[in-house]
Amino acid sequence: MDSRRMGRDLDKVLLSAEQIDQRLGEMAAAIDADYAGRELLLVGVLKGAVMVMADLSRKLSLDARMDWMAVSSYGSGTKSSGVVRIIKDLDTDLTGRHVLIVEDIVDSGLTLSWLVANLRSRGPASVEIAALLRKPSEAKVHVDVRYCGFDIPGEFVVGYGLDYDERYRSLPFVGTLAPHVYA
Ligand code: PRP
């Protein structure tokens with residue numbers, strides 16, 4: 001992305017690429033320890049989780065399987081409603097598997113709350129969540145995030161998989177979007 005345009009569109013860098021990389025390393029070490037001797041299935045939620053999945057999975061020592069889901073939340077604009085539709089389902093039968101959902105962000109918690117219940121109904125051995133970001137101030141339902149990267153303020157953030165209108169996903173850091181972009 002053009003750095004001058006980025007400078008105008010972003011208010012600040014909230015989390016640098018180095019901070020993200022270090023925190024993902026810590027999360028991977030915890031996951032390695034917790035799942036030692038067990039077969040792990042990472043479930044990435046498209047599209048925002050692509051960067052987290054790519055970097056977190058490569059920091060794991062254990063050889064995790066990987067699968068993907070795409071879901072759509074009916075809602076107005078940028079807010080999710082909790083009514084979720086599956087756009088792309090898993091290819092994997094979850095029966096007896098240890099599942100770790102990989103997400104970029106837990107905002108209201110409605111998407112993940114629905115997803116956890118949905119995956120738990122498929123007979124897995126366990127279902128846990130790893131999310132890079134969480135906005136405690138925006139939570140509408142409690143979601144138990146076993147591996148959380150950072151708690152952040154309720155600002156509009158983009159980058160590292162997170163978009164605004166499908167832009168900024170490829171930024172290597174997480175930044176705060178300037179209000180004039182979405183005003
Ligand atoms: C984001 C994020 C979560 C969800 C979190 O996805 O990846 O899935 O919103 O919001 P919630 O906690 O309020 O439910 P989004 O719907 O923006 O789709 P994307 O991953 O394709 O960008």
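Remember, it's 1-based here, ligands and their atoms both numbered in the order they're listed.
Short contacts between ligand 1 and S108, defined as distances under 4.0 Å to a heavy atom of the residue, involve ligand atoms 11 (P), 12 (O), 13 (O), 14 (O). Shown in contact with D163 at under 4.0 Å from a heavy atom are these atoms of ligand 1, numbered in order with element: 22 (O). Of all the atoms in ligand 1, the ones that sit under 4.0 Å from a non-hydrogen atom of L110 are 12 (O), 14 (O). Residue contact check: I105 has heavy atoms under 4.0 Å from atoms 2 (C), 3 (C), 5 (C) of ligand 1. Atoms of ligand 1 found under 4.0 Å from any heavy atom of L46, numbered from 1 in the order shown, are 20 (O), 21 (O).
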Listing, residues 20-33 side-chain donor-acceptor contacts under 3.5 Å, not counting sequence neighbours, or none:
residue: D21; atom: OD1; partner: K59; partner atom: NZ; Å: 2.8
residue: Q22; atom: NE2; partner: E26; partner atom: OE2; Å: 3.4
residue: R23; atom: NE; partner: G149; partner atom: O; Å: 2.8
residue: R23; atom: NH1; partner: E26; partner atom: OE1; Å: 2.8
residue: R23; atom: NH2; partner: C148; partner atom: O; Å: 2.9
residue: D32; atom: OD1; partner: S61; partner atom: N; Å: 3.1
residue: D32; atom: OD1; partner: L62; partner atom: N; Å: 3.0
residue: D32; atom: OD2; partner: S61; partner atom: N; Å: 2.8
residue: D32; atom: OD2; partner: S61; partner atom: OG; Å: 3.4

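Between D104 and V50 the shortest side-chain heavy-atom distance does not fall below 4.5 Å. When side chains are defined from C-beta on, L133 does not count as touching E103, because their heavy atoms never get closer than 4.5 Å.
Taking the six-membered ring where tryptophan is involved, the planes of Y35 and Y147 are tilted, since the angle between them lies from 30° to 60°.
Salt-bridge formation is not detected for the pair D107/K140: no Lys NZ or Arg NE/NH1/NH2 atom is positioned less than 4.0 Å from an Asp or Glu carboxylate oxygen. Between D91 and R65 there is no salt bridge, since no side-chain nitrogen of the basic residue lies less than 4.0 Å from a carboxylate oxygen of the acidic one.
If you check each of R169, K140, E166, E103 against atom 8 (O) of ligand 1, the one with the closest non-hydrogen atom is E103.
The shortest N/O to N/O separation between G48 and ligand 1 falls below 3.5 Å.
Distances from ligand 1 to the non-hydrogen atoms of G109 include at least one value under 4.0 Å. The closest approach between a heavy atom of D104 and any atom of ligand 1 is below 4.0 Å.
Considering only residues two or more places apart in sequence or on other chains, D151 meets the salt bridge (charged side-chain N to carboxylate O under 4.0 Å, His left out) condition with R134.
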